[in-house]
Amino acid sequence: MLARLGIFALSLALASVVIFVITQALPGDVAAVILGHGATAEQLAAKRAELGTDRPFVVQYLDWVFGMATGDFGRSWFSGLPVATLIGPRAEVTISLVVGGLLLALLIALPLGAVAALKRRQWPGFLTSTAAQVGMAVPAFWAGILLVFVFGVTLGWLPPNGYVPIGRDPVAWARHLVLPVTALGVVQAAVLVRYVRSAFLEVLGEDHYRTARSIGWTRWRALARHGVRNAALSLVTVVGLQLAAVIVGAIVIERVFVLPGLGSLLLDMVSQHDLAVVRGIVMLLVLAVLAINALVDVSYVLIDPRLRARESS
Amino acid sequence: MKRAELWIGLVLVAGVVALALLSFVWTPFNPTGVGSAPRLAPPGWPHVLGTDHMGIDTFSRILVGARSALYVGIIAVGIAALVGVPLGILAAWLPRWGAEGMMRAVDVAYAFPALLLAILLAGVFGASTETAMLAIGIATIPAFIRVTRAGALSVLASDYVLAARASGTPVPVIAVRHVLPNIAHLVGVQASVSFAMAILAEAALSYLGLGTPPTVPSWGRMLGDAQTYLFSHPGQAVWPGLAIAGAVLGFNLVGDGLRDFLDPKLQEVS
Amino acid sequence: MTSLLQVRDLSIAFGRKDPVVRGLDLDLAAGQRLGIIGESGSGKTVTALAIMGLLPDNARVTGSIRLDGTELVGLSDRALSRVRGDRMSMIFQEPMTALDPTMTAGRQVAEAFRLHRDRDAGRARTAVLAMLRAVGFDDAERVADSYPHQLSGGQRQRVVTAMALVNRPGLVICDEPTTALDVTVQATVLRVLDEVLEAVGASCLFISHDLAVVSQLCSDVVVMLNGRVVERGTAEQVFTDPRHPYAAGLVATARLDLLEPGTRLPTVADHVRVP
Amino acid sequence: MTALFEVHGLTRVYTTGRRSVVALEDVSLTVEPGQRLGIVGESGSGKSTLVRLMAGLDRPTSGTVHFGGRPVSGVPERQLGFLRASVQFVFQDPRSSLNPRMRVGDVVAEPLRSPLVRRELGALDQRRRVAEVLDAVGLPADAASRYPHEFSGGQRQRIAIARALAPSPQVLIADEAVSALDVSVRAHVLNLLMALVDDLGLTLLFVSHDLAVVRHVCPDAVVLQGGRIVERGPTQRLFTAPEHPYTARLVAAIPTFRARS
């Protein structure tokens, strides 16, 4: 168990180095970026002192990392506001979107994937595989635009854009999230259905599935009793891998539906070249992905007794 | 069923390539600059797919859009394959601790999907086709490393490699004579699937205004523009989306078809 | 003597390919043990899977398979699954993958019992432990609570045997049950199989390419070649005086013990032009 | 006449993470030129590890291997030319012993193209040699232009044998070479192997779990259990009067024909 924690910390450190190098070293003289090319030498020197970019690079990095450990994500280059306060309120939007999208994707993909595997040669199997192929090809933001047009504009059932915090009005919160979560979830479902199908196909090919059939379980019961747990092993990995794609999908969906989440903040900051905020957000997103993947690794041990033995020995 | 997938995929891909090549030679109207035609005209004659908010012929922009989609795809997948495949073979050959370290780095890289890396680089270097290609390429390297390593590992565990070693065949010769030909189909499948993902990523980036600059027509940006006029002229939001979906579907189908067509070991599961 | 299992004109083909089994007839009386000998591609495993109704759904099965008078060909999967594990069961070749790695051995044997005999966990546990002892485990409790990865190949095959016999089925089909085992382990598993089949009084279809192994367990034998039975008789008669050239060839190559070491081995080709 | 192979105190321990497995423990043996030695043992007995260490394909944890008086273990690859040219392998699984993407002619010629072997053999007409060895294993010359998947299991083992014969080695190591074959095909391949070993005066190391086959092919044998040699001697004697209890159990476990009522 300790080894897993070590690996997680190491991965986090590696990711933070990459992010810091890209946002602090590559742009060259940060002060020039902020003050623009008209600034005098004195102004540049003052700004460098203020930002601490006159200190050795490693010290700047450590300052940033230890700051984050205590919740201080540094300050915006332009507004001077602490990044943490900028991020805080917006996290709820992105989390609702990502969790909603992933849940919807799983809700669609798990049953359909099982059907696609079991009824491989009949029409349900072909239909699901074809739908999944097409679903994967549709860009999430196009799906979003079409949904906005159909349900938001033409039918007017749902608000075409905007967000209402859950605290203020849960119903309005939900209504505002239906279209974005659908756009994100359906496309991800198409990707997941294929993984679910191949995971179940693999299980259907296993000898122990056939043993379960030979003692009297029907196809579905054998799959439910012996298939799901073994398929879960590979599915859990897929969810870990897909999480990064869902988060990135959420960034784009926030722009389509004008949702004030981390994604739209990230995009605004990118266009303003405010890299202090950008690296804060990206670090947070990457942290989320690595943390979930670490949890995935841990869940492996819970599901598969073979690993449990190795862990304890 | 698998053979049909490959054919549909090849037809779609050929279509996109044809559109791209045609756009070098001819487009019905000028695809850039301010159009002389009426703005937001509905599909009809001579503007087959209508015109956009600047009066530019949509069909012409779709043609040129195909070119930038393929351009980004080729360069990005090129970068990913040229870096990923050798690293993958190296990872298969390295002793356990060496490979372990490398694969941990690959896991971290998976936390930086193409779009996130592209957004990050756009923030530093400003939005451009080049940053998009570089970011998508770098973000796809881990997928190639993983596929190549898995394929190479099974080849290196085979008896024919052991027999080669027993005759003293040098390591690089084993890599070229035995490993590469037997993982080529895996890399081919990964290339077509990654091409599809590259097109999707480029489209999303252009939609966000972080990919190909406005001067160069791109399907993603066309959708972005179409969205602002969605209430009055929804038609413009259909064609670029269909183009993206068609190209991505094409490459995915080719990838799937290749996977089953070239990999004889994939027997039917009972 | 009413036969427990009656197979008449059984043919099996997959998709559009030509049939793998053609017009097969088999009879098995209660308690009788019939060896099915053949090499890879002879159709012996496909025949077994057809009887159990475990063929993939692109298989076309024609002819009749009657178990205790019940016609199995054409029966729905739901109806067949009530017969499987209760009146007929199967032991497969590869013990290392036959058990679900995420479930203890005892629980998997209990599943078969609770599905067809008695849902009560307590009584199931007793039956399972009794069966595990019957297949030669003195430490039945420990084995029941172990996960498959904690057991050897031979131990896993005996757990699978317990699963197949816990409900005392009328027919047990064994498909090369000891081929994947080391020869010393094979000897133990064969002895256990012999004793438990005797105790339960079950009849057995024993499939193998190894004539000597079949002779250990079976009183009667059929030899299959390219989906057909080419030789049929008691083990004694087929192994000492085979009539069909292919069967004669098989017997000749199998009897290494009768040969002078270092001399040229007799081959099937000496006896027959293998088509 | 010095022994061909001299093996002293050979030990090989595989360690993964905290656990280590002793695959081979303090094994010593000698192999005389022209000898046909059976190496018998069940799975996990260390028989494959032993022959791979003898052929310099793996590094021993301790102990030494000498071939023709020259050291093998711990010697860098580029100096093992003498070993590569004279020791060739035939493996178990016909589906994995030939590169599916190479023509049979190239597969068989591969040992001749190895720089180490070429230095030992000097120039020779590879095409003619390939045709010669294909003919020696009873395959038509046009087989050279076809691909492995066009051949049956038995034919593929013949191609593997042809590949092993191409550099005219002194020693042929057959590692479970017939175990994956059907009974009817096995006899053909064994007859071929025995005939070639006789005609070419090869030294044969025949690794197998099947004592009955070893008794037929090899006049002498060593029995391995848990990485140690528990008994060695004329194979006939191992059958009739085994000294070690494990050998006795091995012989007794071989299924014999028994007429049941």
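Chain identifiers are assigned alphabetically (A, B, ...) following the order of the sequence lines, protein sequences preceding nucleic acid strands; residue numbering begins at 1 within each chain.
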I need the minimum non-hydrogen distance between [X] and [Y], along with the two atoms involved.
X      : Y      : result
D:A253 : C:T184 : CB-CA, 3.8 Å
C:L265 : D:N191 : N-OD1, 2.7 Å
D:F257 : C:S215 : CA-OG, 3.4 Å

Exercise. Does C:Q216 use its side chain to pair, donor to acceptor, with the backbone of D:P255 at less than 3.5 Å?
Worked result: no
For this session: May I ask you to check whether over 12 heavy atoms, not counting those of D:R237, lie within 6.0 Å of atom CZ?
Result: yes
Exercise. Is atom CZ of D:R95 surrounded by more than 12 heavy atoms (other residues, nucleotides or ligands) closer than 6.0 Å?
Worked result: no
For this session: Measure the CZ-OG1 distance between C:R255 and D:T256 for me, rounded to the nearest 0.5 Å.
Result: 8.5 Å
Could you list which of [range] have a heavy atom closer than 4.5 Å to any heavy atom of chain C, in residue-number order?
range                       : value
residues 206-225 of chain D : D:A212, D:V213, D:R215, D:H216
residues 174-183 of chain D : D:D182, D:V183
residues 37-53 of chain D   : D:E42, D:S43

Exercise. Picking from D:M194, D:Q236, D:H188, D:R186, which has the most non-hydrogen pairs under 4.5 angstrom with chain C?
Worked result: D:H188
Problem set entry | Part of C:Q186 within contact of chain D (heavy atom distance under 4.5 Å) | side chain
Problem set entry | Residue list, salt bridge (charged side-chain N to carboxylate O under 4.0 Å, His left out) with D:E132, at least two apart or on another chain | D:R128, D:R129
Problem set entry | Choice from C:T240, C:V185, C:D220, C:T263 maximising heavy atom contacts with chain D below 4.5 Å | C:T263
